[in-house]
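Start at 1 and go down the list; that is how both ligands and their atoms are numbered. For the single chain, residues carry numbers from 1 onward in sequence order. Since the structure is predicted, the reported quantities are computational estimates derived from the model, not experimental observations.
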Amino acid sequence: MSGTIRVGVIGLGMGAGHAEQFNRLPGSTVAALADLNRDRLAAVGKKLGVAEQFTSALKMMDKVPMDAVVVATPNKFHAPLTIAALERGLHVFCEKPMAMNLAEARAMKAAAARARRRLMINFSYRFLPMSMALKQQVDAGVVGPIYFGRTVWHRQRGMPGFGGWFGDRKLSGGGPLIDLGVHRIDLALWLMGRPEPISVSGSSYNVIAKRIAAEQKKLFTVEDLACGIVKFANGATLVVEASWALNIQDPEHMITSLYGEKGAITQKNLGGGYHYQAELVTEEQGCIFTKTLAQSTRKTPSSQEEFLACIREKREPSASADDGIRVQKILDGLYASARRGREIVFAKRS
Ligand SMILES: NC(=O)c1ccc[n+]([C@@H]2O[C@H](COP(=O)([O-])OP(=O)(O)OC[C@H]3O[C@@H](n4cnc5c(N)ncnc54)[C@H](O)[C@@H]3O)[C@@H](O)[C@H]2O)c1
């Protein structure tokens, strides 16, 4: 595709940041904005100088000429809005989680295939330069085949928009597992080379957030902690943990460690906040060495840049519908396992 890619942005929380990026990047512009909240709509429209503003995303897509949309609404609307956009011939950049469940995720992929349009899921953590640096080490064979990992995101107390849609299962599909765990699971799967999950066993709890919700009279119908174990067709195992409320020391604790035959990699946050570090462990001549990434000296694309590139180059995005589906299968499986109190073994079909 030549010329400027015109993007419509639906949902202006996280979507406001995407709108800023697409307005800033060469080769794209924000054509229109949609949000149910008129104040947000007007504020973002004013800040970015976007006059086309709609409280209906469908109207926006029908009235304003555009090439692509960002779907950054509560999770419940990811599938219907993505499918509506694809059916109108638009490419879609959809926020994580891909959908509320696996069936919706598969319907989204099918719609993209029918429309022959790009569908990218914003698994933003793999676009950190340090994540890409770790991926390079894995792909170069430095740590050898990965057979075990642990991927974690815990918050001490951090229910997003407490009392709002994040804690309402009907709008979110679940709690910290589908909200935070989704990032850490994707990061692990991508670094591991996308192994196929064959079974999961999970538990979920609602202990601390339930107590606080009762005290503050807030709606909270999801878990506050989920954990589980995922087994893959290649024999690898991944431990998953995610919480919004857990009695930990730091406000926020994120770590993904993956262990291979020749070494290991870790991506983690520092000081309980949103600064990160990447580490590489290798076994060489009978000694274990640890390296810390000081700086990435090459430019790596942001997720928005990757989306624009895959439209121009008519190729699958690196964070594809298939990646979203693989993660969603694990999420669905862990929730089902927690509910039923037993391991879930996936059928052969992907
Ligand atoms: N990739 C990341 O790191 C990241 C970070 C935060 C949020 N997210 C994801 O982004 C999505 C939005 O989260 P958020 O934190 O911005 O939530 P938010 O509640 O702050 O914003 C959502 C916005 O969508 C609007 N909205 C709701 N239904 C709509 C509809 N049908 N049509 C148009 N607008 C609608 C709301 O009015 C609101 O302004 C979620 O799926 C979330 O998981 C991703």
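Under 4.0 angstrom from ligand 1, the non-hydrogen atoms of K96 come from both its backbone and its side chain.
Between the side chain of E279 and the backbone N or O of T290, no donor-acceptor pair lies under 3.5 Å.
Within the set L36, L12, T55, I10, the minimum heavy-atom distance to atom 29 (C) of ligand 1 is found for L36. Of the candidates V44, T73, V182, it is T73 that places a heavy atom closest to atom 40 (C) of ligand 1.
Salt bridge absent: E52 and K63 never bring a charged side-chain N and a carboxylate O closer than 4.0 Å. With respect to the salt-bridge test (charged N to carboxylate O, under 4.0 angstrom), the residues E284 and K262 do not qualify.
Each side chain to side chain donor-acceptor pair (under 3.5 Å) pair with one or both residues in residues 165-192, not counting sequence neighbours, appears once here: K96-D179, R126-D186, D179-W244, R184-T256, R184-Q267. Note on residues 201-214: no pairs pass side chain to side chain donor-acceptor pair (under 3.5 Å), not counting sequence neighbours.
Listed by atom number, the atoms of ligand 1 under 4.0 Å from S124 heavy atoms are 1 (N), 2 (C), 3 (O). Less than 4.0 angstrom separates some heavy atom of N75 from each of these atoms of ligand 1: 40 (C), 41 (O), 43 (O). Numbered from 1 in the order shown, with element, the atoms of ligand 1 that lie under 4.0 Å from a heavy atom of A72 read 11 (C), 12 (C), 22 (C). Close approach of ligand 1 to H183 is summarised as follows: ligand atoms under 4.0 Å from at least one heavy atom of the residue are 1 (N), 2 (C), 3 (O).
Ranking protein heavy atoms by distance to atom 36 (C) of ligand 1, first place goes to D35 OD1, 3.3 Å. For atom 10 (O) of ligand 1, the closest heavy atom belonging to the protein is E95 CG, 3.3 Å.
At a threshold of 4.5 Å between side-chain heavy atoms, the hydrophobic network of Ile, Leu, Val, Met, Phe, Trp and Tyr places V152 and M254 in two separate groups.
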